[in-house]
Structures are given as C-alpha cells and as structure tokens.
Engineer: 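Below is one structure. I have some questions about it.
Order of listing sets the numbers, starting from 1, for every ligand and every atom in it. Along the sequence shown, the residues carry numbers beginning at 1.
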Amino acid sequence: MDSLSQKIYDQALRCGFDKCGIISISALDGFKQLYQQRLNDVPVSQYFYKGVGNLTETKSRFPWSKSIVILVFDYGKYRFPESLQGKYGKAFFLEPEKKSRERFDLERLEVWFYEHGIQAKGGEQFGSLSVGPLRYMAMKAGLGIIRKNNFFYTENGSYNNLFAYVIDQECELIHTCSAPPCSEKCDLCRRACKTKALEAPYTMNPFKCVSFLTTFGNSDTPEGLSDEMYEQWVCGCDNCQDACPYNRRHDWKHGLPLNKLEEIAPAILPENYENLTDEFLIKNVIPKTANHLQDKDIPALRKNAARSAINAQRAGAK
Ligand code: SF4
Ligand code: SF4
C-alpha cells in the first residue's frame, strides 16, 4: 500500500468506518456497459435511475478527479428489536441518527482531506445522487460483491452503507474479497420477493419494490400488485436480503443498542399508529428512515401502517 493510501485508510477507520478501499477513476470504465445492460433488462427502471442521479458521468462531473475513496459502514454491529422485524427495513433504522455518537464522522474526514491538501467531493454532499455507482465502485475496490438480489455484500452480509469521495490524488487500495459468488441455482431472494420485483438475477424493477413503494413511491399500490403483497412492511422491505444464506449467519438479537430502538419499538407498532400524533412520528420515525421519508410523507407513512395492521389481522385469521 502506498503511503497516501495508508493514511486515508487509517483516517477512514478513525472516522468510524469499517472498511475503506481506493480505486483509480479509470476503474469505472466498464460500468457504462453494465448500466446499459440493466436498462435493457428492465427498461421501466430508466425513469427511476434518472431520478437517482447520473451514475455514468463521474468523470465528466469531476474532471479533476484521479481516484475514488470508498467507505463501508457495517450495520451488523447493532441489534434490532424482534417486534420491528418484517415491519421496518433494517438498513433504514440501523443507520445511526445524525449527531449520534455512534455515527460515522464524514465531516471529520472532510476536514482531514482539506488539511492534507486533498480536493475531495462526495460523502453526503450530493444526497442520494452521490458521485457515481457506489456498489460497483465498492466491488472494484475488492470490498465485497454484488449479489443476484442487487445488494452489495461484504463477508458480513448486505446490511451496510456505502459512501464515496472522488479525490484529486493518484492512489489505490484494492482488497481481496473472500465472499463466494451466488450459486447459479440459488433463487431464494427471488422467491422471497412477494411482488416479483426481482425480474431476473442482478435486476430489479423499482416500481414493484415494496421498499421503494413504501418510501419514495408514496405508499401507492400500482396496477398488478395487491395490498396483501406488502405483508406487514411499514417502511422498507428486507425479504430478499433476509432470505439470503449469506445474511442468515447474523443474529439480530445481539449487538450494540442504537437509536433507542428498544424504547420506541412498542409505540411504533402499526396497530398503534392511530394513537400517535404527527409530531411524534416526525420526531421518532422520520429521522430513522435514512432520508427515505420526509415530514411531508406522514400521510403515506400512516397509510403504510394501516395496510400493515390489516395484513397482520388477515395473517392472524388464517
Ligand atoms: S426489497 Fe422486497 S420488494 Fe424489493 S426486491 Fe427485495 S424482496 Fe422484493
Ligand atoms: S438468495 Fe441466493 S441468489 Fe439471492 S443473493 Fe443470496 S445467494 Fe444470491
């Protein structure tokens, strides 16, 4: 490892990240083809991907960039209340809330870049648009692999969050990932997806995805889907991740406490939403959705909760 890579790596870990890799900007050259393939496989996703940013234009957006620093924050270190499983997406609720001590410190890392004369853009500066295709970048850095359910996995599974910075320095830090690829025969994730959003391996139709529909999708039930398919999900959906053998090793009963989840869990069960004020939801639920829901989305959140409660009754009656 060159000395700049080593310094960046050490600083990333000091700022709370679990992994850090660095790739040359030219490592993105193969992405355009892969991206086009995905759009060909699921043409309807074109509209969606336009909304999440121009994934293929990293080089032209940042013409001065020479390398990309990729950071992984692993959620597996936290525990998750059993009563919230199947209702709230773990990847949303396990992101430490802003200003919490458990949270990774992007600001500190940015100050460090500045103090060391490194021009850097990324982190949360562009919201969900980011600086490019994070999962692909992380895979190129050897930090993990993308599985057939489209999620990025480290050796610890898929419950992680990725960040990236383009920087104006040449350096490289490529790891060796020991996670084996998906078996050709495995389709457990596709079978677990009630809405059939996983239309083919490595492709997903966002407009059929419960995680999208209960957040950015305004709680709608598009033609061809039924309310029952949402099961008891209020915000997010973990079905295709939890069905995966590479996540099953993890026991969510153990780990560090986070975001006061145990304290809040009884109150935010779907059947209790009728008794909750908007102020309560804005203070206690919206900040836990990792920016997937905003205060204005309270009516959609309530609709999700009502559907979840009805589906729980239906499931109980069977
Ligand atoms: S998150 Fe849920 S709905 Fe979306 S692809 Fe996975 S299983 Fe299907
Ligand atoms: S369930 Fe099987 S096919 Fe799907 S991501 Fe996991 S290993 Fe791959």
Engineer: Nearest to atom 2 (Fe) of ligand 2, what protein heavy atom do you find, and at what distance?
Structural biologist: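 Looking only at protein heavy atoms, the one closest to atom 2 (Fe) of ligand 2 is Cys186 SG, 2.2 Å.
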Engineer: Measure from atom 2 (Fe) of ligand 1 to each N, O or S atom of Cys209 and report whether any distance is below 2.8 Å.
Structural biologist: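 False for Cys209.
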Engineer: Just to confirm my output: which protein heavy-atom neighbour is closest to atom 1 (S) of ligand 1, and how far is it?
Structural biologist: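 The answer is Cys237 O, 3.4 Å.
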Engineer: For ligand 1, which atoms have a heavy atom of Thr195 less than 4.0 angstrom away?
Structural biologist: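 Answer, ordered by atom number: 3 (S).
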Engineer: Can you name the atoms of ligand 2, numbered from 1 with element, that are less than 4.0 Å from a heavy atom of Asn149?
Structural biologist: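 Close to Asn149: 5 (S).
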Engineer: Which atoms of ligand 2 are found less than 4.0 Å from any heavy atom of Arg147?
Structural biologist: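 The atoms of ligand 2 under 4.0 Å from a heavy atom of Arg147 are 5 (S).
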Engineer: For Phe73, run the ring pair (Phe, Tyr, Trp, His ring centres under 6.0 Å) check against Tyr159, Phe104, Phe152 and tell me which one passes.
Structural biologist: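 Going through Tyr159, Phe104, Phe152 one by one, the ring pair (Phe, Tyr, Trp, His ring centres under 6.0 Å) with Phe73 is satisfied by Phe104 alone.
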Engineer: Below 4.0 angstrom from a heavy atom of Lys148, which ligand 2 atoms are there? Numbered from 1 as shown, please.
Structural biologist: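 Those of ligand 2 that fall under 4.0 Å from Lys148 are 3 (S), 5 (S).
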Engineer: Which label fits Phe216 and Phe212: parallel for a plane angle under 30°, tilted from 30 to 60°, or perpendicular past 60°?
Structural biologist: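 The rings of Phe216 and Phe212 sit tilted, inter-plane angle from 30° to 60°.
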Engineer: Which atoms of ligand 2 sit under 4.0 Å from any heavy atom of Pro245?
Structural biologist: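 In order of number, 1 (S), 6 (Fe).
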Engineer: Any chance NZ of Lys260 has more than 12 other-residue heavy atoms, nucleotides or ligands included, within less than 6.0 Å?
Structural biologist: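 It does not: Lys260 NZ has 12 such atoms or fewer within range.
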Engineer: Distance under 4.0 Å to a non-hydrogen atom of Val210: what atoms of ligand 1 satisfy this?
Structural biologist: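 It comes down to these atoms of ligand 1: 3 (S), 4 (Fe).
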Engineer: Less than 4.0 Å between a side-chain N and a carboxylate O, is that true for Arg14 and Asp105?
Structural biologist: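 No salt bridge links Asp105 with Arg14.
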Engineer: How far is atom 7 (S) of ligand 1 from the closest protein heavy atom, and which atom is that?
Structural biologist: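 Protein heavy atom with the smallest distance to atom 7 (S) of ligand 1: Cys240 N, 3.3 Å.
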Engineer: Where is the nearest protein heavy atom to atom 8 (Fe) of ligand 2: which residue, which atom, and how far?
Structural biologist: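 Of every protein heavy atom, Cys182 SG, 2.3 Å lies nearest to atom 8 (Fe) of ligand 2.
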Engineer: Which atoms of ligand 1 have any heavy atom of Cys193 under 4.0 Å away?
Structural biologist: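 Once the distances to Cys193 are compared, the set is 3 (S), 5 (S), 7 (S), 8 (Fe).
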Engineer: Without hydrogens or angle criteria, can the side chains of Asn205 and Glu199 be said to hold a donor-acceptor pair below 3.5 Å?
Structural biologist: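 Yes, a side-chain donor-acceptor pair sits under 3.5 Å.
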Engineer: Under 4.0 Å from any heavy atom of Asn239, which atoms of ligand 1 are there?
Structural biologist: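 It comes down to these atoms of ligand 1: 7 (S).
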Engineer: Which ligand 2 atoms, with their elements, are less than 4.0 angstrom from a heavy-atom of Leu188?
Structural biologist: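 So the answer, numbered in order with elements, is 1 (S).
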Engineer: With heavy atoms of Tyr246 as the reference, note each atom of ligand 2 found under 4.0 Å away.
Structural biologist: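 Result: 7 (S).
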Engineer: Has Phe280 got more than 12 heavy atoms of other residues, nucleotides or ligands less than 6.0 Å from its CZ?
Structural biologist: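 More than 12 heavy atoms, drawn from other residues, nucleotides or ligands, come within 6.0 Å of this atom.
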Engineer: Under 30°, 30 to 60°, or over 60°: which ring-plane class applies to Phe17 and Phe163, parallel, tilted or perpendicular?
Structural biologist: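 Perpendicular: the ring planes of Phe17 and Phe163 meet at over 60°.
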Engineer: Is the distance between the ring centroids of Phe62 and Phe126 less than 6.0 Å?
Structural biologist: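 Ring-ring flag for Phe62/Phe126: true, centres closer than 6.0 Å.
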Engineer: For atom 6 (Fe) of ligand 2, what is the closest protein heavy atom, and at what distance to 0.1 Å?
Structural biologist: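 Scanning the protein heavy atoms, the shortest distance from atom 6 (Fe) of ligand 2 goes to Cys244 SG, 2.4 Å.
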Engineer: Specify the closest pair of heavy atoms between Val131 and Lys121, including all atoms of both residues, with the distance to one decimal.
Structural biologist: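 Closest heavy-atom pair between Val131 and Lys121: CG1-O, 3.5 Å.
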Engineer: If you have a sec, work out which protein heavy atom is nearest atom 4 (Fe) of ligand 2 and how many Å separate them, to one decimal?
Structural biologist: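 Atom 4 (Fe) of ligand 2 sits closest to the protein heavy atom Cys189 SG, 2.3 Å.
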Engineer: Tell me whether Lys77 at atom NZ has more than 12 heavy atoms from other residues, nucleotides or ligands lying less than 6.0 Å away.
Structural biologist: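 Atom NZ in Lys77 is packed in, count exceeds 12.
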Engineer: State, yes or no, whether a side-chain contact exists between Ile268 and Phe93 at a heavy-atom distance under 4.5 Å.
Structural biologist: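 Touching, per the 4.5 Å side-chain cut-off.
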